[in-house]
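In each ligand, atom 1 is the first atom listed, and ligand 1 is the first ligand listed. We use all heavy atoms of the structure for the numbers below, so side chains are in, but hydrogens, waters and symmetry mates are not.
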Amino acid sequence: MFSQLSGPIGVFDSGYGGLTIFDKIRTLLPSYDYVYLGDNARAPYGPRSFEVVYRFTRQAVIHLFNEGCPLVILACNTASAKALRTIQQKDLAELDASRRVLGVIRPTVEIIDDVSRTKHVGILGTSGTISSESYSIEIAKMYPHIKVTGEACPMWVPLVENDEFDSPGVDYFVKKHIGHILSADPDIDTLVLACTHYPLLMGKIRDFLPKGITLFSQGERVAESLDDYLKRHPEMESRLTKNGTSRFLTTESADKFSEAASIFLHQPITVEQITID
Ligand code: DGL
């Protein structure tokens with residue numbers, strides 16, 4: 001179906017959140033070309049079922065393959081939790097076995113034992129990510145001595161998507177979930193922001209965080225992990241084009257995306273509206 005051509009790195013998220021990951025990837029690896037796709041028209045993915053998140057994510061991956069991407073990063077925890085495994089294990093063989101799709105959960109899990117001293121870790125994510133138990137399952141496989149507590153924060157993504165991440169209304173929802181997870185396990189010393197939108201709430205979260213608790217944001221770690229992957233996989237690295245360009249695609253209005261994205265990326269960008277199905 002697809003040929004072994006060279007092309008850009010694809011970065012996918014349900015909306016804007018993946019830009020927090022994309023920003024760190026591009027900072028660390030500026031020479032590559034990138035295509036970012038935000039499925040804003042169908043965001044948020046957090047409350048959607050496994051079947052729907054899988055179907056939407058698969059469509060986005062096929063779109064990025066059609067854009068010529070040999071490698072796609074699912075810069076979305078919900079998509080990584082609910083769709084990545086099936087795409088890797090089933091769809092790639094049918095679509096193009098030479099391409100790769102990577103997620104954000106594994107790179108985060110790999111480093112978590114180094115980050116936590118108490119070995120009590122809290123995961124803050126969408127309802128989809130928390131109910132999938134992907135983090136608990138993956139951490140238990142790699143570090144069975146770590147106790148994991150998850151907390152779904154269903155209002156956080158809508159607040160960010162609606163530019164309310166700095167408003168006083170956010171305080172209630174941030175305080176509620178931080179209080180809840182820390183009373184569920186008072187020995188937690190590390191809270192993972194397991195949703196790519198949450199780094200925008202970092203300031204607010206810190207306001208309600210007791211001293212000594214580390215807030216772990218995934219962007220830099222995912223970028224380092226990709227760098228490492230490319231060093232270990234020269235057959236993939238050599239297929240990636242290197243002109244330092246970035247294109248931005250959205251399934252919603254290009255103007256809306258461009259305006260919101262400038263908050264995430266601190267610079268104006270040009271955006272193309274597309275349809276995927
Ligand atoms: N940014 C996505 C994540 O990392 C979730 C946003 C959504 O619910 O669509 O989980």
Side-chain angles (χ1 to χ4, degrees), residues 10-25 36-61 72-85 87 101-109 122-138 150-165 170 173-174 177 191-202 205 215-223 225-226 248-252 256-257 260-261 263-265 276:
V11 180
F12 169 68
D13 182 52
S14 58
Y16 305 116
L19 291 170
T20 61
I21 303 277
F22 166 75
D23 190 34
K24 302 293 182 195
I25 292 178
Y36 182 94
L37 168 55
D39 190 8
N40 297 74
R42 302 188 292 193
Y45 279 16
R48 294 189 187 273
S49 67
F50 261 88
E51 192 276 326
V52 171
V53 171
Y54 163 63
R55 182 156 46 86
F56 288 179
T57 305
R58 185 177 183 279
Q59 289 168 347
V61 166
V72 172
I73 311 297
L74 300 186
C76 174
N77 286 271
T78 311
S80 299
K82 293 189 164 186
L84 180 62
R85 186 176 297 254
I87 290 173
V101 180
L102 306 174
V104 289
I105 296 179
R106 182 144 191 133
T108 308
V109 166
I123 308 293
L124 301 165
T126 65
S127 309
T129 298
I130 299 305
S131 68
S132 75
E133 297 197 4
S134 297
Y135 275 92
S136 328
I137 294 167
E138 293 302 319
E151 173 78 6
C153 313
M155 285 303 291
W156 290 12
V157 168
L159 286 165
V160 171
E161 289 275 327
N162 287 291
D163 279 0
E164 293 284 343
F165 47 85
V170 172
F173 291 103
V174 168
H177 293 298
L191 284 176
V192 178
L193 298 180
C195 172
T196 55
H197 284 64
Y198 295 177
L200 270 91
L201 295 173
M202 194 94 120
I205 298 171
L215 256 194
F216 185 83
S217 180
Q218 302 172 299
E220 275 160 19
R221 171 62 195 148
V222 172
S225 171
L226 176 60
F248 297 90
L249 315 178
T250 176
T251 53
E252 242 290 347
K256 222 164 108 184
F257 188 94
I263 298 167
F264 286 76
L265 298 176
I276 51 174

Heavy-atom proximity to [atom], best of [options]:
atom                   : options                      : result
atom 2 (C) of ligand 1 : Gly103, Ala194, Cys76        : Cys76
atom 8 (O) of ligand 1 : Ser14, Gly38, Gly46          : Gly46
atom 3 (C) of ligand 1 : Asn77, Leu193, Ile21, Val104 : Asn77

When you measure from atom 1 (N) of ligand 1 to every protein heavy atom, which one gives the shortest distance, and what is it?
Thr196 OG1, 2.7 Å
So does Arg55 have more than 12 non-hydrogen atoms from other groups sitting under 6.0 Å from CZ?
yes
Can you list the ligand 1 atoms lying under 4.0 Å from a non-hydrogen atom of Asp13?
1 (N), 2 (C)
Atom indices of ligand 1, in the order listed, that fall short of 4.0 Å to a heavy atom of Thr126
5 (C), 8 (O), 10 (O)
Check step by step if side chain to side chain contact (heavy atoms under 4.5 Å, CB included) holds for Val52 and Tyr45.
CA-CA 9 Å; Val52 171; Tyr45 279 16; over 6 Å; no
I'd like to know if the side chain of Gln218 pairs up with that of Asn77 as donor and acceptor (distance under 3.5 Å, no hydrogens or angles considered).
yes
State which residue, out of Thr57, Ile105, Val101, fulfils the side chain to side chain contact (heavy atoms under 4.5 Å, CB included) condition with Ser80.
Ile105
Show your working on side chain to side chain contact (heavy atoms under 4.5 Å, CB included) between Tyr54 and Lys82 and close with a plain yes or no.
CA-CA 6 Å; Tyr54 163 63; Lys82 293 189 164 186; 5.9 Å; no
Using heavy atoms and a threshold below 4.0 Å, how should the contact between Thr78 and ligand 1 be classified: side chain, backbone, both, or neither?
both
Please confirm whether Phe22 and Phe248 have ring centers closer than 6.0 angstrom.
yes
